[in-house]
**Student:** 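This structure is in structure tokens; I'll ask about it shortly.
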Amino acid sequence: MTGPYEKLVENIANRVIAGVRDRLGCDLSVEDVIGVMEEPPRKDFGDLAIPAPRLLKKCRAKFQDLVGCIASSVKNSVYVEKVNVTGPYINMFIDMKTYGRVVVENLRGRGKSYGFSNNGGVRVVVEFVSANPVHPLHIGSGRNAALGEFIARVLEFNGSKVERRYYIDDLGLQVAYLAYGYKLLGRPEPPRSMKVDHFMGLIYAATATLTEIVSVKEELESARKANDTVRYMELNSKLSGLLADLERIRSKLPEYIDKLIVKIKERHDPKAEVYDIMRKYENGDPSTVELVKSAVEKVMTGIRHTLRDLGVMIDKWDWESDLIRENLVSEVLNKALKSPYITLEKGVPALDFSQLLKNSKLREKLDLPKYTDIPPLVLVRSDGTTLYTTRDIAYTVKKFREFNAERVINVIAVEQVIPQAQLKLALYLLGYRKEASNLVHYAYELVTLPGTSMSGRKGTYVTIDEVLSELKAVARKLMTERGIEPKDDVLLKIARSALKYLMLSTSPSKPIVFDLAKAMNIKANSAPYLMYTYARASSVLSRCDNKVGWNKVDFSGCTEGLRRDLIWLIGKFPHVMKYVLKYLRPEDLATYLNMVADVFNSWYDRERILDDGREGLRHLKLAITFGVKTVMRNGLTVMGLDVLERI
RNA sequence: GGGCCCGUCGCCUAGCCAGGAUAGGGCGCCGGCCUGCGGAGCCGGUGGUCCGGGGUUCAAGUCCCCGCGGGCCCGCCA
């Protein structure tokens with residue numbers, strides 16, 4: 001399934017290979033030549049260029065001979081119309097009449113699947129979002145959701161069978177805090193105006209903060225008694241920070257939090273009670289299980305709602321506690337305890353990777369961070385409960401097994417590189433070697449707020465729900481101004497696409513500072529702009545009943561101006577998709593779609609499409625419009641953005 | 001202290017892996033364009049010590065070294 005652009009560059013590369021072989025006696029591969037081809041920075045230089053010095057390394061010849069040979073070889077390609085040699089560059093102008101035919105025929109033949117390939121059904125699990133079930137999803141999870149959904153889709157559209165999984169971490173300490181506060185308050189229902197996960201998030205934040213306040217106060221007292229002034233000062237400032245956090249949380253839900261403050265004051269050792277809940281839950285104590293599950297389920301109801309709004313459909317919801325109940329964790333743990341790599345870290349069993357890490361080939365095979373020290377993995381706490389990464393070993397095995405997956409991709413923030421590396425190493429030394437090398441940590445940088453970072457405990461986060469609702473308001477205003485009836489599902493699709501686009505158009509390796517006011521600007525370089533462009537192209541085609549006279553197209557019209565640029569861009573789409581798939585880079589797809597939209601909109605303003613009296617040219621214009629519509633729809637869909645006929 | 005990532009017009013961002021031609025976009029700001037196939041649009045203008053300093057090279061935003069600034073990690077948290 002070769003796209004037009006690939007056909008073009010391969011054809012040219014083959015001419016070059018034949019030329020240098022016959023005249024200079026050099027052996028070059030297609031990849032060698034295609035690898036150095038580039039698009040010149042300015043259009044008047046040509047459409048494609050070969051910088052000769054880059055081939056000199058592989059083809060020993062006099063520089064001028066090589067340049068001359070390449071220049072005359074590429075002329076043999078049917079696609080090359082003109083060649084200009086400028087310094088070390090062999091610049092080629094493509095015969096767009098010939099190439100345009102290839103692009104249009106490809107487009108016509110492939111129709112809706114233009115740009116997609118078929119890898120034959122590779123099975124892949126994508127685990128994503130997996131936010132702690134103690135507060136609503138914030139925009140950091142929004143980045144995760146957007147990336148995960150993109151990965152799932154780009155794989156699916158290229159033939160993979162994908163399963164989307166969400167890991168509900170109900171065994172962690174955070175959940176115990178939530179359950180504790182929820183219980184102390186007598187399992188309250190949220191006020192009518194508040195979404196349940198938002199409500200529970202405040203209870204969690206208040207409980208965790210209050211518990212921390214109690215223990216800091218105790219430490220403060222002992223520091224005072226010991227006359228440790230330095231320590232006393234430190235703790236005092238920590239305490240005032242916590243009190244400020246508490247007040248901020250309290251202001252959002254005063255009646256409930258005030259009650260919680262009173263309740264916690266009555267307890268002797270709240271922190272111990274929290275750990276007690278965690279231990280009892282892991283051990284399966286029935287009433288604790290009931291309590292924790294009901295609290296987590298409440299939060300999950302809200303989270304599921306948000307994900308539905310985002311257009312993210314999860315296939316499997318995995319409760320972490322089930323790993324314990326199904327004995328998967330103990331299985332892994334027993335295996336680990338018998339392993340020769342087991343050591344004691346401060347009295348608790350841990351896996352030591354230092355021997356394994358000396359093997360640089362293994363580091364490479366498992367794609368581990370190169371120079372980073374990876375500390376031993378502590379498997380259990382001294383009270384016997386397990387730790388997150390230990391359970392994640394069991395979970396990874398489960399994901400591979402249940403879906404019979406060849407690859408498992410974890411979409412997890414970059415801050416977890418070390419645990420993810422430990423996970424791979426643990427899998428490897430426990431004998432899950434295939435799993436270890438086919439586990440991918442798709443890392444992304446965090447989303448922060450201007451000046452602050454987001455924290456669940458402090459309750460300082462911007463939720464996906466509020467951003468969606470603000471974006472809907474912006475969209476509603478724009479639609480109303482233009483006299484379009486703003487329907488709620490359309491507004492939601494615009495809003496969620498805008499949010500996802502924001503998260504996908506920046507490279508995952510860069511932190512995003514989320515500024516709500518700026519996010520509301522949905523002009524050019526935004527999902528609504530792309531959606532608008534699609535709707536515009538689609539609307540033109542619908543006016544002629546989507547009838548493109550494929551056999552009437554006059555390809556001589558491909559040679560000029562913006563039509564030429566559009567043919568070029570449309571022809572490149574399958575190539576762009578392959579690159580995006582290989583490196584899982586949503587930002588490149590965003591850039592490409594923007595470029596198509598920009599050129600189409602300029603062209604649209606300059607030339608009439610439907611009422612061009614020259615029939616062949618009119619059908620070429622319709623074919624181009626069809627091409628724009630197709631790449632827009634397919635590109636938007638792969639990015640997980642919505643496609644609307646009217647916006 | 002050690003490790004990883006990032007630093008490009010006022011703001012955001014592409015280009016860096018595979019060095020090559022005048023560093024692309026977008027936002028903002030200024031000025032134009034709607035009785036015409038969708039104005040969330042189009043056209044023009046404004047704006048850049050590519051964080052700094054060395055080095056490698058015919059050629060450095062890109063590679064190497066030394067710094068600076070920001071983020072993250074180095075937990076019996078996740």
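Hydrogens, waters and symmetry mates are skipped; everything else that's a heavy atom, side chains included, is used. If you're wondering where the values come from, they're calculated on a predicted model, not measured in any experiment.
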**Student:** Suppose we call a contact any N or O donor and acceptor under 3.5 Å apart; does that hold for the side chain of A:Asn91 and the base of B:A21?
**Tutor:** yes
**Student:** Stacking between A:Phe45 and B:A21, defined as ring centres under 5.5 angstrom apart with planes under 30°, is that present or not?
**Tutor:** yes
**Student:** In whole Å, measure the gap between the C1' atoms of B:G41 and B:C50 for me.
**Tutor:** 32 Å
**Student:** For the residue pair A:Arg536 and A:Tyr604, would you count it as a cation-pi contact if the rule is NZ or CZ under 6.0 angstrom from the ring centre and within 45 degrees of the ring axis?
**Tutor:** yes
**Student:** Quote, to the nearest angstrom, the P distance that separates B:A18 from B:U8.
**Tutor:** 23 Å
**Student:** Given B:A14, is OP1 or OP2 found less than 4.0 Å from the side-chain N or O atoms of A:Thr591?
**Tutor:** no
**Student:** Using only heavy-atom distances, decide whether a donor-acceptor pair under 3.5 angstrom links the side-chain of A:Ser602 to the base of B:C42.
**Tutor:** no
**Student:** Output one letter per nucleotide in nucleotides 25-30 of chain B: B when a protein non-hydrogen atom lies under 4.0 Å from the base, S when only the sugar-phosphate is that close, - when neither is.
**Tutor:** -SSS--
**Student:** Which residue, A:Met278 or A:Tyr604, contacts RNA chain B at a nucleotide closer to its 5' end, judged by nearest heavy atom?
**Tutor:** A:Tyr604
**Student:** Please give the nucleotide sitting opposite B:G19 as a Watson-Crick or G-U wobble pair, both distances under 3.5 Å, or none.
**Tutor:** none
**Student:** Side-chain donor-acceptor pairs under 3.5 Å in residues 127-136 of chain A, sequence neighbours left out?
**Tutor:**
unit_1	atom_1	unit_2	atom_2	d
A:Glu127	OE1	A:Lys399	NZ	2.6
A:Glu127	OE2	A:Ser130	OG	2.7
A:Ser130	OG	A:Phe128	O	3.3
A:Ser130	OG	A:Tyr167	N	2.9

**Student:** Reckon A:Arg457 has a side-chain N or O less than 4.0 Å from the OP1 or OP2 of B:C77?
**Tutor:** no
**Student:** Applying side chain to side chain donor-acceptor pair (under 3.5 Å), run through A:Tyr395 and A:Asp318 and close with a yes or a no.
**Tutor:** CA-CA 9 Å; A:Tyr395 183 44; A:Asp318 299 309; 2.5 Å; yes
**Student:** Heavy atoms only, 4.0 Å cut-off, all strands: where does A:Ile494 land among base, sugar-phosphate and nothing?
**Tutor:** base
**Student:** Between B:G19 atom C1' and A:Leu56 atom CG, what is the distance in whole Å?
**Tutor:** 15 Å
**Student:** Quickly work out the A:Gln422 CD to B:C77 P distance and round it to whole Å.
**Tutor:** 13 Å
**Student:** Roughly how many Å is it from CE in A:Met531 to P in B:G39, rounded to a whole number?
**Tutor:** 18 Å
**Student:** Please tell me if the side chains of A:Met531 and A:Tyr501 come closer than 4.5 Å, counting only heavy atoms from C-beta onward.
**Tutor:** no
**Student:** Could you work out the separation of B:C11 and B:U56 based on their P atoms and round it to a whole Å?
**Tutor:** 34 Å
**Student:** Please report, rounded to the nearest Å, how far the P atom of B:C73 is from the CD atom of A:Glu415.
**Tutor:** 5 Å
**Student:** Whole-Å distance between B:G15 C1' and A:Glu39 CD?
**Tutor:** 13 Å
**Student:** Nearest-nucleotide wise, let me know which of A:Arg646 and A:Leu171 is further upstream toward the 5' end of RNA chain B.
**Tutor:** A:Arg646
**Student:** Please work out if A:Asn601 contacts a base, only the sugar-phosphate, or nothing of the nucleic acid, heavy-atom cut-off 4.0 Å.
**Tutor:** sugar-phosphate
**Student:** If you measure only the distance, is there a donor-acceptor pair under 3.5 Å linking the side chains of A:Asn601 and A:Tyr532?
**Tutor:** no
**Student:** Could you check how far CH2 of A:Trp603 sits from P of B:C43, rounded to whole Å?
**Tutor:** 14 Å
**Student:** Would you tabulate the nitrogen or oxygen pairs shorter than 3.5 Å linking the protein to nucleotides 4-8 of chain B?
**Tutor:**
unit_1	atom_1	unit_2	atom_2	d
B:C5	O2'	A:Ser509	O	3.0
B:G7	OP1	A:Lys510	NZ	3.3

**Student:** Tell me which nucleotide, if any, is Watson-Crick or G-U wobble paired with B:G28 when both distances must be under 3.5 Å.
**Tutor:** B:U46
**Student:** Considering only heavy atoms from C-beta outward, does the side chain of A:Met520 approach that of A:Glu470 to under 4.5 Å?
**Tutor:** yes
**Student:** What integer number of Å spans the C1' atoms of B:C63 and B:G1?
**Tutor:** 28 Å
**Student:** Quick one: which residue pairs count as a salt bridge (Lys or Arg N to Asp or Glu O under 4.0 Å) with a foot in residues 508-524 of chain A, not counting sequence neighbours?
**Tutor:** none
**Student:** A:Arg482 side chain N/O closer than 4.0 Å to the phosphate oxygens (OP1, OP2) of B:G41?
**Tutor:** no
**Student:** Among B:C11, B:G41, B:G38, find the nucleotide with the atom closest to the side chain of A:Tyr529.
**Tutor:** B:G41
**Student:** When we call it a touch if two heavy atoms are under 4.0 Å apart, what does A:Gln416 touch: a base, just sugar-phosphate, or nothing?
**Tutor:** base
**Student:** For the P atoms, the ones on B:C72 and on B:U49, what distance do you get once it is rounded to whole angstrom?
**Tutor:** 29 Å
**Student:** Under 3.5 Å, is there a donor-acceptor pair linking the side chains of A:Tyr583 and A:Asp588?
**Tutor:** no
**Student:** With sequence neighbours excluded, tell me which residues meet side chain to side chain contact (heavy atoms under 4.5 Å, CB included) with A:Phe63.
**Tutor:** A:Ala52, A:Pro53, A:Leu56, A:Val67, A:Pro88
**Student:** What residue among A:Lys238, A:Lys458, A:Arg457 forms salt bridge (Lys or Arg N to Asp or Glu O under 4.0 Å) with A:Glu212?
**Tutor:** A:Lys238
**Student:** Please determine, for the side chain of A:Lys346, which listed nucleotide (B:C37, B:C76, B:C73) has the closest atom?
**Tutor:** B:C76
**Student:** Can you check the distance between B:G7 and B:A23, where both ends of the measurement are the C1' atom (answer in whole Å)?
**Tutor:** 16 Å
**Student:** Measuring from the side chain of A:Arg585 (C-beta onward, heavy atoms only), which nucleotide among B:A14, B:C37, B:G38 has the closest atom?
**Tutor:** B:A14
**Student:** Within residues 385-395 of chain A, find the residues that approach RNA chain B with a heavy atom at under 4.0 Å, and present them sorted by residue number.
**Tutor:** A:Leu387, A:Tyr388, A:Arg391
**Student:** Syn versus anti for B:C34, judged by chi lying within 90° of 0?
**Tutor:** syn
**Student:** When all nucleic acid strands are considered with a 4.0 Å heavy-atom cut-off, which category describes A:Ser526: base, sugar-phosphate, or nothing?
**Tutor:** nothing
**Student:** Mind checking the P distance from B:G47 to B:C74? Whole angstroms is fine.
**Tutor:** 47 Å
**Student:** Should the side chain of A:Arg54 and the base of B:G19 be counted as holding a donor-acceptor pair, with the cut-off at 3.5 Å?
**Tutor:** no
**Student:** So do A:Lys572 and A:Met595 actually touch side chain to side chain, heavy atoms under 4.5 Å?
**Tutor:** no
**Student:** Is a donor on one side and an acceptor on the other found under 3.5 Å between the side chain of A:Asp392 and the backbone of A:Thr389?
**Tutor:** no
**Student:** Hey, is CD on A:Glu364 packed in by over 12 heavy atoms from elsewhere, all under 6.0 Å?
**Tutor:** no
**Student:** For A:Met479, answer base if it contacts any base atom (sugar-phosphate contacts may also be present), sugar-phosphate if it contacts only those atoms, and nothing otherwise; contact means non-hydrogen atoms under 4.0 Å.
**Tutor:** base
**Student:** Going by an N to O cut-off under 4.0 Å, is there a salt bridge joining A:Arg563 and A:Glu607?
**Tutor:** yes
**Student:** Check every strand shown and say whether A:Ile418 touches a base, only sugar-phosphate, or nothing at a heavy-atom separation below 4.0 Å.
**Tutor:** sugar-phosphate
**Student:** What's the CG-C1' distance between A:Asp588 and B:A14, to the nearest Å?
**Tutor:** 9 Å
**Student:** On a whole-Å scale, what distance lies between the C1' atoms belonging to B:G25 and B:G38?
**Tutor:** 24 Å
**Student:** Can you tell me how far C1' of B:C76 sits from CD of A:Glu282, to the nearest Å?
**Tutor:** 12 Å
**Student:** Regarding A:Ala443, tell me which of base, sugar-phosphate or nothing describes its non-hydrogen contacts under 4.0 Å with the strands shown.
**Tutor:** nothing
**Student:** Kindly indicate, with the supporting measurements, whether the criterion side chain to side chain donor-acceptor pair (under 3.5 Å) is fulfilled by A:Thr86 and A:Asn84.
**Tutor:** CA-CA 6 Å; A:Thr86 315; A:Asn84 272 351; 5.6 Å; no
